[in-house]
Number of protein chains: 2
Amino acid sequence: MSAESARSTTRGRARLSRERVLSSALILADESGIGSLTIRSLADAMGTRPMSIYHYVANKDEILDSLVDLVFSEIDLPSDVGGWRSGMYRRAHSVRAVLRRHTWAIGLLESRTSPGGATLRHHEATLGVLRRAGFSVKLTSHAYALLDSYIYGFALQEAALPLNGSEPVAQVAEPMVQQFSDGRYPYLYEIATERVLQPGYNFGDEFDIGLKVILDSLEGWISHRPG
Amino acid sequence: MSAESARSTTRGRARLSRERVLSSALILADESGIGSLTIRSLADAMGTRPMSIYHYVANKDEILDSLVDLVFSEIDLPSDVGGWRSGMYRRAHSVRAVLRRHTWAIGLLESRTSPGGATLRHHEATLGVLRRAGFSVKLTSHAYALLDSYIYGFALQEAALPLNGSEPVAQVAEPMVQQFSDGRYPYLYEIATERVLQPGYNFGDEFDIGLKVILDSLEGWISHRPG
DNA sequence: ATCGGTTTTCGTACTATGTACGAAATGGGC
DNA sequence: GCCCATTTCGTACATAGTACGAAAACCGAT
């Protein structure tokens, strides 16, 4: 065969690499869920054998660590252009979009305590925008904790919504609301029927509302000094 | 032996029950991490055999679902006394305290989409406080999404802190900060040295600051009408 | 082309896990 | 003491992660 990539081997398959292992793992997790990401299924997906993977990663846990970092690398690094508020707004949306694509990453976050390179770069860029905008170190820590708590928490709630998938909300929620109608959960029933099940309601729309509240508050921090 | 509990059997062990299975599972998860919660280890902890457990639960996934609900049941139900703000403040702290005791529950949340009874009761009570305080249905949904996003997200960040355990923060973070000092992460270095590593700094203290911001904003929603 | 060392791939096998499928043990009313 | 429902559990299988070392592929020097 003529100009075959240097990264191929005598057999048909492209040569393995750490990057290929990780990107295949990411795709597999997205497609079948993190629970279906096994060394064997990963090997299958790559057309290789389980033990070959271990030449590129120490163990599965290292794959999971790296996946989280890979997910972070998909988040657009915030910049100063347009002002800090615009930068933080766009970053928030980027984080949420990424975590929606890879919801399993949220669950992974809880157990992974050593940030990877992309994660560090991401934090560095975000801190930079805040500091250069005039937030003191102290206010920056307050602002960052507040923003990220909100963003991660929102993503977590979205992931845990009783209705995930593209079915109309009403269909999936119907039986659940049935349970409410016996009067045991009047407020849940109310908010379900009068709001969540109304045509056009989309939990995702709540994101901007809360985000605005937070950004508005931060705005006040720059001129005045509550920290 | 004389007055032995009715819930015991000829052999020494207390009789099994769904409750005992679940509370043992909770303890085991707290003590050894959710990863060490296996049917066999659970059976060991209860002095029984693996397959006996399956008389009380359908499968392990049902245990995990129930554990999440059990965790929710530990959260103090909010009440109206002292006003909605006080109720929401105390609820927020109760949720955080519970999730700190059972950090593994945060990771579980992402994958569990059918709320249990305690979870429903908790939501019901919280919605009630907000509605009775005068928040419209719409504003209540905004407020609840905002509050819970913040609380869960904060708990998630706490769980993912590179430093967990009682060691002095500085000790654990030293090598990490070393990595920053080469100038690649100036802002991370700055915030680490000037803030996070300062004696007395405690990430948990950030909780009240963000919570106050949110509650202050909600306060404005009752009199005026941004929803 | 050949050879020798390096890198990469992978076969085998062991341990841990969830749990299906009955069988055995237990308990409680008659 | 007997019978049936409940509870406990032994055995066994499929699926995981991965240790260990052998085989294969690769590559530069001759």
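Sequence lines set the chain letters: A, B, ... in the order given, protein chains first and strands last, and positions in each chain run from 1.
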Trainee: Quick one: A:Arg15 CZ to C:dT9 C1', roughly how many Å, whole number?
Mentor: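 So the CZ-C1' distance, A:Arg15 to C:dT9, works out to 11 Å.
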Trainee: My understanding is that only residues two or more places apart in sequence, or in another chain, count here; which of them pass ring pair (Phe, Tyr, Trp, His ring centres under 6.0 Å) with A:Tyr187?
Mentor: none
Trainee: Do the charged groups of A:Arg131 and A:Glu124 touch, with an N to O distance under 4.0 Å?
Mentor: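 Looking at A:Arg131 and A:Glu124, the cut-off is not met.
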Trainee: According to side chain to side chain donor-acceptor pair (under 3.5 Å), who are the partners of B:Arg96, at least two apart in sequence or on a separate chain?
Mentor: B:Glu158
Trainee: Under the side chain to side chain contact (heavy atoms under 4.5 Å, CB included) rule, collect the residues that match up with B:Ala25, sequence neighbours excluded.
Mentor: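 Result, side chain to side chain contact (heavy atoms under 4.5 Å, CB included) vs B:Ala25: B:Leu37, B:Leu42, B:Ile63, B:Leu67.
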Trainee: Take atom CZ of B:Arg40 and atom P of D:dA16, then tell me their distance rounded to the nearest Å.
Mentor: 15 Å
Trainee: B:Leu37 CG to C:dA16 C1': how many Å, rounded?
Mentor: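 These atoms are roughly 14 Å apart.
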Trainee: Considering only D:dT18, C:dT9, D:dC9, which nucleotide approaches the side chain of A:Leu16 most closely?
Mentor: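 Of the options given, the side chain of A:Leu16 lies nearest C:dT9.
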Trainee: Send over the distance from B:Ile39 CD1 to C:dT15 P, rounded to a whole Å.
Mentor: 22 Å
Trainee: With sequence neighbours excluded, what pairs up with A:Ser32 under the side chain to side chain donor-acceptor pair (under 3.5 Å) test?
Mentor: none
Trainee: Which residues, if any, of residues 49-65 of chain B bring a heavy atom under 4.0 Å of DNA chain C?
Mentor: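 B:Met51, B:Tyr54, B:Asn59, B:Lys60 - these, ordered by number, are the residues of the stretch whose heavy atoms sit under 4.0 Å from the strand.
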Trainee: Under the side chain to side chain contact (heavy atoms under 4.5 Å, CB included) rule, collect the residues that match up with A:Ile27, sequence neighbours excluded.
Mentor: A:Glu31
Trainee: Tell me whether the side-chain N/O atoms of B:Thr38 come closer than 4.0 Å to OP1 or OP2 in C:dA16.
Mentor: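 No, no such contact exists.
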